[in-house]
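As C-alpha coordinates, the structure follows; a few thoughts come after it.
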2 protein chains.
Amino acid sequence: MREVGARGPAISVDDDCPVREVLDRVGDKWSVLIVVLLGQRTHRFGELHRAIDGISQRMLTLTLSRLVRDGLVCRTAHPTVPPRVDYSLTDLGRTLLVPLRALDAWAVAHRDDIRAARARHDAAAG
Amino acid sequence: MREVGARGPAISVDDDCPVREVLDRVGDKWSVLIVVLLGQRTHRFGELHRAIDGISQRMLTLTLSRLVRDGLVCRTAHPTVPPRVDYSLTDLGRTLLVPLRALDAWAVAHRDDIRAARARHDAAAG
DNA sequence: CAGCATCCCTGAAGATACTG
DNA sequence: CAGTATCTTCAGGGATGCTG
(Lines give C-alpha, C1' and ligand atoms only; values in the text may rest on other atoms or scores of the structure.)
Protein backbone atom coordinates (compact mmCIF):
# COMPACT_ATOMS: atom_id res chain seq x y z
CA MET A 1 0.00 0.00 0.00
CA ARG A 2 1.48 3.27 -1.14
CA GLU A 3 0.95 6.25 1.10
CA VAL A 4 1.26 10.00 0.84
CA GLY A 5 1.66 13.08 2.96
CA ALA A 6 4.97 14.44 4.08
CA ARG A 7 3.60 15.77 7.33
CA GLY A 8 0.30 14.74 8.81
CA PRO A 9 -1.42 11.39 8.54
CA ALA A 10 -1.01 9.59 5.26
CA ILE A 11 -3.72 8.87 2.72
CA SER A 12 -3.61 5.49 1.15
CA VAL A 13 -3.95 5.58 -2.59
CA ASP A 14 -3.79 2.22 -4.29
CA ASP A 15 -6.12 -0.19 -5.94
CA ASP A 16 -8.31 -0.32 -2.87
CA CYS A 17 -8.27 3.30 -1.85
CA PRO A 18 -10.44 3.89 1.22
CA VAL A 19 -11.21 7.49 0.30
CA ARG A 20 -12.47 6.33 -3.05
CA GLU A 21 -14.56 3.70 -1.36
CA VAL A 22 -16.29 6.34 0.76
CA LEU A 23 -16.82 8.62 -2.20
CA ASP A 24 -18.24 5.80 -4.24
CA ARG A 25 -20.69 5.32 -1.42
CA VAL A 26 -21.67 8.85 -0.40
CA GLY A 27 -20.32 10.78 -3.37
CA ASP A 28 -23.59 10.47 -5.22
CA LYS A 29 -26.16 13.18 -5.59
CA TRP A 30 -28.24 12.64 -2.46
CA SER A 31 -26.53 10.52 0.21
CA VAL A 32 -24.71 13.33 1.97
CA LEU A 33 -27.80 15.46 2.05
CA ILE A 34 -29.77 12.65 3.65
CA VAL A 35 -27.06 11.81 6.17
CA VAL A 36 -26.81 15.44 7.17
CA LEU A 37 -30.57 15.81 7.56
CA LEU A 38 -30.77 12.64 9.62
CA GLY A 39 -27.86 13.93 11.66
CA GLN A 40 -30.22 16.69 12.64
CA ARG A 41 -33.01 14.39 13.78
CA THR A 42 -35.08 11.39 12.80
CA HIS A 43 -37.17 11.98 9.69
CA ARG A 44 -40.09 10.22 8.11
CA PHE A 45 -39.99 9.31 4.46
CA GLY A 46 -42.28 12.13 3.47
CA GLU A 47 -40.39 14.64 5.57
CA LEU A 48 -37.21 13.82 3.75
CA HIS A 49 -39.03 14.04 0.46
CA ARG A 50 -40.23 17.54 1.29
CA ALA A 51 -36.96 18.62 2.93
CA ILE A 52 -34.78 17.66 -0.02
CA ASP A 53 -35.64 19.94 -2.83
CA GLY A 54 -35.69 18.25 -6.20
CA ILE A 55 -35.30 14.62 -5.18
CA SER A 56 -37.64 12.11 -6.78
CA GLN A 57 -39.42 9.47 -4.79
CA ARG A 58 -37.48 6.86 -6.63
CA MET A 59 -34.10 8.32 -5.77
CA LEU A 60 -35.06 8.88 -2.16
CA THR A 61 -36.08 5.24 -1.86
CA LEU A 62 -32.98 4.01 -3.64
CA THR A 63 -30.55 6.16 -1.70
CA LEU A 64 -32.15 5.34 1.63
CA SER A 65 -32.04 1.62 0.97
CA ARG A 66 -28.36 1.84 0.09
CA LEU A 67 -27.63 3.77 3.26
CA VAL A 68 -29.56 1.23 5.29
CA ARG A 69 -27.73 -1.58 3.57
CA ASP A 70 -24.38 0.01 4.44
CA GLY A 71 -25.38 0.36 8.07
CA LEU A 72 -25.32 4.15 8.05
CA VAL A 73 -29.04 4.65 8.38
CA CYS A 74 -31.62 2.85 10.46
CA ARG A 75 -35.12 2.17 9.12
CA THR A 76 -38.02 1.70 11.50
CA ALA A 77 -41.36 0.73 10.02
CA HIS A 78 -44.36 1.12 12.28
CA PRO A 79 -47.11 -1.41 11.55
CA THR A 80 -49.80 1.24 11.57
CA VAL A 81 -52.27 2.26 8.92
CA PRO A 82 -51.44 4.39 7.11
CA PRO A 83 -47.87 3.14 7.35
CA ARG A 84 -45.21 5.25 9.03
CA VAL A 85 -41.49 4.77 8.51
CA ASP A 86 -38.81 6.57 10.45
CA TYR A 87 -35.26 6.98 9.31
CA SER A 88 -32.40 7.89 11.61
CA LEU A 89 -28.64 7.62 11.67
CA THR A 90 -27.01 4.59 13.19
CA ASP A 91 -23.98 5.02 15.44
CA LEU A 92 -21.85 4.39 12.39
CA GLY A 93 -23.75 7.01 10.46
CA ARG A 94 -23.21 9.53 13.21
CA THR A 95 -19.46 9.01 13.12
CA LEU A 96 -19.57 9.92 9.45
CA LEU A 97 -20.83 13.36 10.34
CA VAL A 98 -17.42 14.23 11.73
CA PRO A 99 -15.42 14.02 8.49
CA LEU A 100 -18.36 15.47 6.61
CA ARG A 101 -18.14 18.47 8.91
CA ALA A 102 -14.47 18.79 8.09
CA LEU A 103 -15.31 18.77 4.40
CA ASP A 104 -18.08 21.26 4.98
CA ALA A 105 -15.78 23.55 6.91
CA TRP A 106 -13.34 23.45 4.02
CA ALA A 107 -16.10 24.20 1.57
CA VAL A 108 -17.33 27.16 3.55
CA ALA A 109 -13.82 28.48 4.03
CA HIS A 110 -12.77 28.13 0.39
CA ARG A 111 -15.81 28.35 -1.84
CA ASP A 112 -14.93 31.92 -2.67
CA ASP A 113 -11.37 30.95 -3.51
CA ILE A 114 -12.66 28.40 -5.99
CA ARG A 115 -15.11 30.83 -7.51
CA ALA A 116 -12.38 33.42 -7.84
CA ALA A 117 -10.02 30.90 -9.43
CA ARG A 118 -12.73 29.93 -11.87
CA ALA A 119 -13.56 33.47 -12.79
CA ARG A 120 -9.87 34.23 -13.27
CA HIS A 121 -9.37 31.14 -15.39
CA ASP A 122 -12.46 31.68 -17.50
CA ALA A 123 -11.59 35.31 -18.04
CA ALA A 124 -8.09 34.39 -19.21
CA ALA A 125 -9.19 31.74 -21.67
CA GLY A 126 -12.87 30.88 -22.10
CA MET B 1 -29.74 29.03 6.02
CA ARG B 2 -30.82 26.01 7.99
CA GLU B 3 -28.17 24.31 10.05
CA VAL B 4 -27.75 20.99 11.78
CA GLY B 5 -25.76 19.32 14.49
CA ALA B 6 -26.70 19.39 18.15
CA ARG B 7 -23.12 19.37 19.32
CA GLY B 8 -20.14 20.22 17.21
CA PRO B 9 -19.99 22.62 14.27
CA ALA B 10 -23.09 22.73 12.15
CA ILE B 11 -23.41 21.63 8.55
CA SER B 12 -25.38 23.89 6.32
CA VAL B 13 -27.89 22.06 4.25
CA ASP B 14 -29.96 24.24 2.04
CA ASP B 15 -30.22 25.10 -1.61
CA ASP B 16 -26.58 26.08 -1.71
CA CYS B 17 -25.07 23.40 0.43
CA PRO B 18 -21.30 23.78 0.66
CA VAL B 19 -20.71 20.07 1.22
CA ARG B 20 -22.61 19.30 -1.91
CA GLU B 21 -20.58 21.89 -3.77
CA VAL B 22 -17.35 20.17 -2.81
CA LEU B 23 -18.71 16.77 -3.67
CA ASP B 24 -19.90 18.00 -7.03
CA ARG B 25 -16.36 19.15 -7.60
CA VAL B 26 -14.20 16.33 -6.23
CA GLY B 27 -16.83 13.61 -5.82
CA ASP B 28 -16.22 12.35 -9.32
CA LYS B 29 -14.30 9.26 -10.20
CA TRP B 30 -10.77 10.64 -10.43
CA SER B 31 -10.33 14.03 -8.79
CA VAL B 32 -9.57 12.79 -5.29
CA LEU B 33 -7.08 10.30 -6.61
CA ILE B 34 -5.25 13.01 -8.50
CA VAL B 35 -5.29 15.46 -5.61
CA VAL B 36 -3.93 12.83 -3.29
CA LEU B 37 -1.17 11.84 -5.71
CA LEU B 38 -0.20 15.45 -6.25
CA GLY B 39 -0.25 15.89 -2.49
CA GLN B 40 2.56 13.41 -2.49
CA ARG B 41 4.68 15.29 -5.02
CA THR B 42 4.62 16.99 -8.39
CA HIS B 43 3.79 14.62 -11.22
CA ARG B 44 4.10 14.78 -14.96
CA PHE B 45 1.13 13.96 -17.15
CA GLY B 46 2.46 10.57 -18.05
CA GLU B 47 3.37 9.76 -14.48
CA LEU B 48 -0.20 10.36 -13.41
CA HIS B 49 -1.41 8.29 -16.30
CA ARG B 50 0.71 5.37 -15.20
CA ALA B 51 0.08 5.90 -11.49
CA ILE B 52 -3.70 5.91 -11.79
CA ASP B 53 -4.73 2.48 -12.82
CA GLY B 54 -7.55 2.44 -15.32
CA ILE B 55 -7.86 6.13 -16.13
CA SER B 56 -8.09 7.06 -19.79
CA GLN B 57 -6.03 9.82 -21.32
CA ARG B 58 -9.20 11.71 -21.97
CA MET B 59 -10.44 11.58 -18.38
CA LEU B 60 -7.03 12.50 -17.03
CA THR B 61 -6.94 15.55 -19.27
CA LEU B 62 -10.51 16.51 -18.42
CA THR B 63 -10.13 16.07 -14.68
CA LEU B 64 -6.84 17.91 -14.57
CA SER B 65 -8.20 20.85 -16.50
CA ARG B 66 -11.14 21.11 -14.12
CA LEU B 67 -8.85 21.00 -11.12
CA VAL B 68 -6.66 23.67 -12.68
CA ARG B 69 -9.72 25.76 -13.44
CA ASP B 70 -10.86 25.51 -9.82
CA GLY B 71 -7.46 26.61 -8.58
CA LEU B 72 -6.68 23.33 -6.84
CA VAL B 73 -3.95 22.23 -9.20
CA CYS B 74 -1.17 24.13 -10.88
CA ARG B 75 -0.09 23.31 -14.43
CA THR B 76 3.45 24.12 -15.58
CA ALA B 77 4.28 23.55 -19.23
CA HIS B 78 7.96 23.52 -20.15
CA PRO B 79 8.61 24.73 -23.68
CA THR B 80 10.92 21.84 -24.47
CA VAL B 81 10.75 19.21 -27.11
CA PRO B 82 9.36 16.74 -26.43
CA PRO B 83 6.97 18.73 -24.26
CA ARG B 84 6.96 18.33 -20.53
CA VAL B 85 4.12 19.36 -18.27
CA ASP B 86 4.23 19.29 -14.49
CA TYR B 87 1.20 19.21 -12.27
CA SER B 88 1.26 20.11 -8.59
CA LEU B 89 -1.12 21.21 -5.90
CA THR B 90 -1.71 24.88 -5.31
CA ASP B 91 -1.86 26.20 -1.75
CA LEU B 92 -5.62 25.86 -1.99
CA GLY B 93 -5.27 22.30 -3.19
CA ARG B 94 -3.04 21.47 -0.27
CA THR B 95 -5.60 22.72 2.21
CA LEU B 96 -8.05 20.26 0.70
CA LEU B 97 -5.82 17.40 1.78
CA VAL B 98 -6.77 18.04 5.39
CA PRO B 99 -10.50 17.21 5.13
CA LEU B 100 -9.69 14.46 2.67
CA ARG B 101 -7.48 12.94 5.33
CA ALA B 102 -10.36 13.11 7.78
CA LEU B 103 -12.53 11.28 5.28
CA ASP B 104 -9.80 8.77 4.65
CA ALA B 105 -9.33 8.17 8.35
CA TRP B 106 -13.03 7.49 8.65
CA ALA B 107 -12.94 5.15 5.69
CA VAL B 108 -10.03 3.20 7.10
CA ALA B 109 -11.62 3.03 10.51
CA HIS B 110 -15.04 1.92 9.32
CA ARG B 111 -14.71 0.07 6.06
CA ASP B 112 -15.08 -3.21 7.87
CA ASP B 113 -18.18 -1.98 9.64
CA ILE B 114 -19.75 -1.15 6.31
CA ARG B 115 -18.77 -4.46 4.82
CA ALA B 116 -20.16 -6.26 7.82
CA ALA B 117 -23.42 -4.29 7.64
CA ARG B 118 -23.71 -5.15 3.99
CA ALA B 119 -23.04 -8.80 4.49
CA ARG B 120 -25.58 -8.89 7.29
CA HIS B 121 -28.17 -7.06 5.22
CA ASP B 122 -27.63 -9.12 2.11
CA ALA B 123 -27.78 -12.32 4.10
CA ALA B 124 -31.08 -11.30 5.67
CA ALA B 125 -32.80 -10.30 2.46
CA GLY B 126 -30.98 -10.28 -0.85
C1' DC C 1 -48.12 7.11 3.39
C1' DA C 2 -44.46 4.70 1.66
C1' DG C 3 -42.56 2.53 -2.06
C1' DC C 4 -42.08 -0.61 -6.24
C1' DA C 5 -42.29 -1.11 -11.51
C1' DT C 6 -41.61 0.78 -15.87
C1' DC C 7 -39.91 3.71 -19.42
C1' DC C 8 -36.90 7.25 -20.95
C1' DC C 9 -33.14 10.39 -21.27
C1' DT C 10 -28.80 12.62 -20.37
C1' DG C 11 -24.19 13.24 -19.00
C1' DA C 12 -20.05 10.77 -17.37
C1' DA C 13 -16.80 7.94 -18.84
C1' DG C 14 -14.31 4.47 -22.16
C1' DA C 15 -12.08 3.36 -26.80
C1' DT C 16 -9.81 4.76 -30.56
C1' DA C 17 -7.44 7.61 -33.76
C1' DC C 18 -4.98 11.70 -34.79
C1' DT C 19 -1.63 16.07 -33.84
C1' DG C 20 1.84 19.86 -32.23
C1' DC D 1 5.08 13.50 -24.61
C1' DA D 2 0.96 15.59 -23.91
C1' DG D 3 -2.65 16.29 -25.44
C1' DT D 4 -7.40 16.93 -28.93
C1' DA D 5 -11.39 14.96 -31.61
C1' DT D 6 -14.95 11.72 -32.32
C1' DC D 7 -17.87 7.93 -31.47
C1' DT D 8 -20.12 4.92 -28.36
C1' DT D 9 -21.68 2.86 -24.20
C1' DC D 10 -23.83 2.75 -19.83
C1' DA D 11 -25.42 3.81 -15.28
C1' DG D 12 -27.61 7.65 -12.62
C1' DG D 13 -31.38 9.74 -12.36
C1' DG D 14 -36.25 11.82 -13.71
C1' DA D 15 -41.42 11.07 -14.73
C1' DT D 16 -45.28 8.53 -14.23
C1' DG D 17 -48.51 5.08 -12.72
C1' DC D 18 -49.82 1.42 -9.48
C1' DT D 19 -50.18 -1.01 -4.73
C1' DG D 20 -50.16 -2.75 0.42
Side-chain angles (χ1 to χ4, degrees), chain A residues 15 17 20-35 37-38 42-70 73-88 121 124-126, chain B residues 15 17 20-35 37-38 41-70 73-88 121-122 124-126:
Chain A
D15 13 302
C17 169
R20 272 291 300 282
E21 261 191 46
V22 194
L23 288 176
D24 286 347
R25 193 147 282 119
V26 300
D28 67 295
K29 201 171 177 183
W30 307 109
S31 291
V32 170
L33 231 37
I34 293 177
V35 168
L37 278 173
L38 295 184
T42 294
H43 281 69
R44 298 184 54 177
F45 184 91
E47 287 180 324
L48 287 172
H49 198 185
R50 281 186 298 276
I52 303 178
D53 195 60
I55 197 173
S56 63
Q57 212 171 33
R58 181 184 122 87
M59 286 318 295
L60 181 54
T61 302
L62 261 180
T63 310
L64 280 172
S65 71
R66 277 183 217 140
L67 291 172
V68 168
R69 178 169 182 248
D70 291 343
V73 163
C74 174
R75 190 194 119 116
T76 314
H78 300 84
T80 60
V81 48
R84 171 202 179 97
V85 182
D86 287 332
Y87 290 94
S88 57
H121 188 268
Chain B
D15 13 303
C17 168
R20 273 292 299 281
E21 260 191 47
V22 195
L23 287 176
D24 286 347
R25 194 146 282 119
V26 301
D28 67 292
K29 201 170 175 181
W30 306 110
S31 291
V32 169
L33 232 38
I34 292 178
V35 167
L37 278 172
L38 295 183
R41 62 173 176 81
T42 295
H43 282 69
R44 298 183 55 176
F45 184 90
E47 287 180 323
L48 288 172
H49 199 186
R50 282 185 297 277
I52 303 177
D53 194 60
I55 196 173
S56 64
Q57 212 169 31
R58 179 184 124 88
M59 286 317 297
L60 182 55
T61 302
L62 264 180
T63 309
L64 280 172
S65 70
R66 276 182 219 139
L67 292 172
V68 169
R69 179 169 181 247
D70 292 342
V73 163
C74 173
R75 190 194 119 116
T76 313
H78 300 85
T80 59
V81 47
R84 173 202 177 98
V85 182
D86 287 333
Y87 290 94
S88 58
H121 188 270
D122 292 356

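In what follows, chains carry the letters A, B, and so on, assigned in the order in which the sequence lines appear, proteins first and then strands, with residues in each chain numbered from 1. Atom set for the values below is all heavy atoms of this structure, side chains included, hydrogens, waters and symmetry mates excluded.
In this structure, B/Met59 atom CE and D/dT8 atom C1' are separated by 15 Å, rounded to whole Å. The interatomic distance linking B/Leu60 (CG) with D/dG3 (P) rounds to 8 Å, in whole Å. In this structure, A/Ile55 atom CD1 and C/dA2 atom C1' are separated by 14 Å, rounded to whole Å. Distance B/Leu64 CG to C/dA13 P: 14 Å, rounded to the nearest Å. A straight line from CD of B/Glu47 to C1' of D/dG3 spans 16 Å, rounded to a whole angstrom. In this structure, B/Leu62 atom CG and D/dA5 atom C1' are separated by 12 Å, rounded to whole Å. Spacing between atom CG of A/Asp86 and atom P of C/dC1 amounts to 14 Å, rounded to whole angstrom units. Rounded to whole Å, the distance from CG on A/Leu48 to C1' on C/dC1 is 13 Å.
The nucleotide whose nearest atom lies closest to any side-chain atom of B/Phe45 is, among D/dG20, C/dA15, D/dG3, D/dG3. For A/Arg58, the side-chain atoms get nearest to D/dA15 when compared with the rest of D/dA15, D/dA2, C/dG14. Minimum atom distance to the side chain of B/Pro83 is reached by C/dG20, of the listed C/dA2, C/dG3, C/dG20.
Distance alone, capped at 3.5 Å, places no donor-acceptor pair between the A/Arg25 side chain and the A/Arg20 backbone. Proximity of a side-chain donor or acceptor of B/Ser65 to a complementary backbone N or O of B/Leu62 within less than 3.5 Å is detected. With hydrogens and angles disregarded, a donor-acceptor distance shorter than 3.5 Å links the side chain of B/His78 to the backbone of B/Arg84.
If you check distances only, the side chain of B/Arg84 never reaches the base of D/dA2 with a donor-acceptor pair under 3.5 Å.
Of all heavy-atom pairs spanning A/Leu60 and A/Phe45, the tightest one is CD2-O, 3.6 Å. Counting all heavy atoms, side chain and backbone alike, A/Leu23 lies closest to B/Val26 at CD1-O, 4.1 Å. Heavy-atom minimum distance, A/Thr80 versus A/Pro82: OG1-O, 3.0 Å. Contact record, A/Glu47 with A/Thr42: OE1-O, 4.1 Å, taken as the closest heavy-atom pair. Residues B/His49 and B/Gln57 come closest through the heavy atom pair NE2-N, 3.8 Å. When all heavy atoms are compared, the tightest approach of A/Ile55 to A/Met59 is CG1-CB, 3.9 Å.
At a non-hydrogen distance threshold of 4.0 Å, A/Lys29, A/Trp30 from residues 23-31 of chain A come into contact with DNA chain D. For the contact set between residues 74-82 of chain B and DNA chain C, defined by any heavy atom under 4.0 Å, there are no members.
Comparing B/Arg66 and A/Gln57, the nucleotide of DNA chain C nearest to each residue sits closer to the 5' end for A/Gln57.
Of the inter-residue distances, the one linking B/His43 atom NE2 with B/Leu64 atom CG reads 11.0 Å to the nearest 0.5 angstrom.
An OP1 or OP2 oxygen of D/dC1 is reached within less than 4.0 angstrom by no side-chain nitrogen or oxygen of B/Tyr87.
Within the 4.0 angstrom heavy-atom criterion, only backbone atoms of the sugar-phosphate kind lie near A/Thr61; the bases stay farther away.
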